[in-house]
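This report concerns only the one structure given below.
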There are 2 protein chains.
Amino acid sequence: MTQQTTKAKRVEGTGQAPGFVSDYLLYLLAAASDAASAQFHTKVRKAGLRVPEWRVLACLADTDGAMITQLARRALAEQSRLTRIIGQMEDRGLLIRRSDPADGRRVRVYLTDAGRALTAELVPQAQKHEAALMEMLQGNVGAQLKPALKSLLAVLEAQEDWQG
Amino acid sequence: MTQQTTKAKRVEGTGQAPGFVSDYLLYLLAAASDAASAQFHTKVRKAGLRVPEWRVLACLADTDGAMITQLARRALAEQSRLTRIIGQMEDRGLLIRRSDPADGRRVRVYLTDAGRALTAELVPQAQKHEAALMEMLQGNVGAQLKPALKSLLAVLEAQEDWQG
DNA sequence: ACAAACAATATGATTTTTCATATAGTTTCG
DNA sequence: CGAAACTATATGAAAAATCATATTGTTTGT
């Protein structure tokens with residue numbers, strides 16, 4: 001059937017052999033995330049941003065004036081890294097930092113006009129890309145994926161709250 | 001059809017405000033992957049491994065004697081990084097490298113007994129962890145998640161073959 | 001058989017990331 | 001009030017990742 005004779009012809013794609021890995025949930029999640037993001041992240045880089053920077057912009061589009069710590073969680077980056085990234089973005093004039101008058105430890109981050117403009121360009125691109133992806137998935141899969149991921153996230157966040 | 005007068009429900013934990021990000025597929029994938037992996041990756045580190053190292057072991061458990069490039073794809077790491085990681089793992093005696101007699105450019109990687117022992121310890125832990133996760137998901141969600149991710153991956157890999 | 005084109009891995013140099021901890025501001029409570 | 005205990009952000013030093021390219025081996029076309 002799929003016999004390929006002596007020279008074991010190169011397998012396609014990841015060269016996925018059946019086995020533990022290719023059915024392992026954590027692998028599927030990481031691989032799907034990686035692969036799905038790859039294309040869009042290319043556009044992000046062409047816009048002169050690194051991935052976490054784009055994430056920061058997207059988060060600020062949702063909640064301008066967020067704190068560093070919040071941004072770190074939402075952008076899936078560590079706090080010390082986020083601090084530096086914010087610093088660089090500030091230098092580039094994409095955002096500004098202002099300490100919260102109500103609590104001096106907090107630093108709130110706001111988009112500048114330049115930052116807002118860039119965001120206004122990228123978010124629609126992201127949405128378009130997402131729509132294209134969703135369209136490629138067979139009907140029910142497309143419909144199930146996001147809710148399933150949200151459930152998973154909900155379960156995991158609930159766990160965090162108890163365990164630590 | 002898929003239109004859902006976006007009434008986005010508030011989410012806990014991340015302090016997720018409804019908005020673009022929390023319903024964005026690429027975010028959901030990355031966040032779910034991150035959160036789901038976090039717990040197990042803690043165990044991995046306690047076993048003295050970094051995440052990509054664990055991934056290499058898992059891949060080798062499936063296909064001992066894989067090439068560096070294959071391992072890089074499967075372990076979701078870049079080739080030059082993988083090369084160095086393999087080097088370190090070899091130094092630690094977890095695996096050995098042998099150049100392929102049929103094609104001298106290729107380097108095939110094999111588990112040592114020590115590597116195999118460690119793998120034999122971790123893979124079952126991973127499976128147990130996965131099972132626990134799956135059990136926490138509501139019936140149909142648990143059943144849908146993996147197939148949905150596999151479809152997504154299949155679609156994305158098909159695309160790569162044309163475009164990239 | 002040979003030169004170009006290609007493929008797999010390695011490596012130097014630079015940039016990022018991480019880890020631990022410093023610094024600064026705030027709350028708790030005796 | 002004032003001393004812990006805490007919380008938010010920053011930062012130095014070390015580890016790791018990335019990029020471009022070198023090196024080595026193989027295939028192809030003439």
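Every chain is numbered from 1, with letters handed out A, B, ... down the list of sequences.
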Report summary line: Reading nucleotides 12-18 of chain D from 5' to 3' and marking B where a protein heavy atom lies under 4.0 Å of the base, S where only the sugar-phosphate is that close, and - otherwise, the string is BB--SSB
To the nearest angstrom, how far is [X] atom [atom1] from [N] atom [atom2]?
{"X": "R108(B)", "N": "dT9(C)", "atom1": "CZ", "atom2": "P", "result": "8 Å"}
{"X": "I86(B)", "N": "dA8(C)", "atom1": "CD1", "atom2": "P", "result": "16 Å"}
{"X": "I68(A)", "N": "dG25(C)", "atom1": "CD1", "atom2": "P", "result": "16 Å"}
{"X": "E53(A)", "N": "dT17(C)", "atom1": "CD", "atom2": "C1'", "result": "14 Å"}

Donor-acceptor pair, distance only, cut-off 3.5 Å: does the side chain of [X] make one with the backbone of [Y]?
{"X": "Q144(B)", "Y": "A148(A)", "value": "no"}
{"X": "S99(B)", "Y": "V107(B)", "value": "no"}
{"X": "S151(A)", "Y": "P147(A)", "value": "yes"}

Query raised in the report: Given side chains that start at C-beta, do those of L145(B) and L152(A) come closer than 4.5 Å, heavy atoms only?
Result: yes
Requested in this report: Check DNA chain C against residues 95-107 of chain A and give the residues with a non-hydrogen atom under 4.0 Å, in numerical order.
Outcome: D103(A), G104(A), R105(A)
Query raised in the report: Side-chain donor or acceptor of Q79(B) under 3.5 Å from a matching atom on the base of dA10(C)?
Result: yes
Query raised in the report: Is the shortest side-chain N to carboxylate O distance from E157(A) to R73(A) below 4.0 Å?
Result: no
Query raised in the report: Counting heavy atoms not belonging to R97(B), are there more than 12 under 6.0 Å from its CZ?
Result: yes
Query raised in the report: Would the number of heavy atoms belonging to other residues, nucleotides or ligands and lying under 6.0 Å from CE of M136(A) be above 12?
Result: no
Query raised in the report: What residues form a side-chain hydrogen bond (donor to acceptor under 3.5 Å, both in side chains) with Q88(A), not counting sequence neighbours?
Result: R50(A)
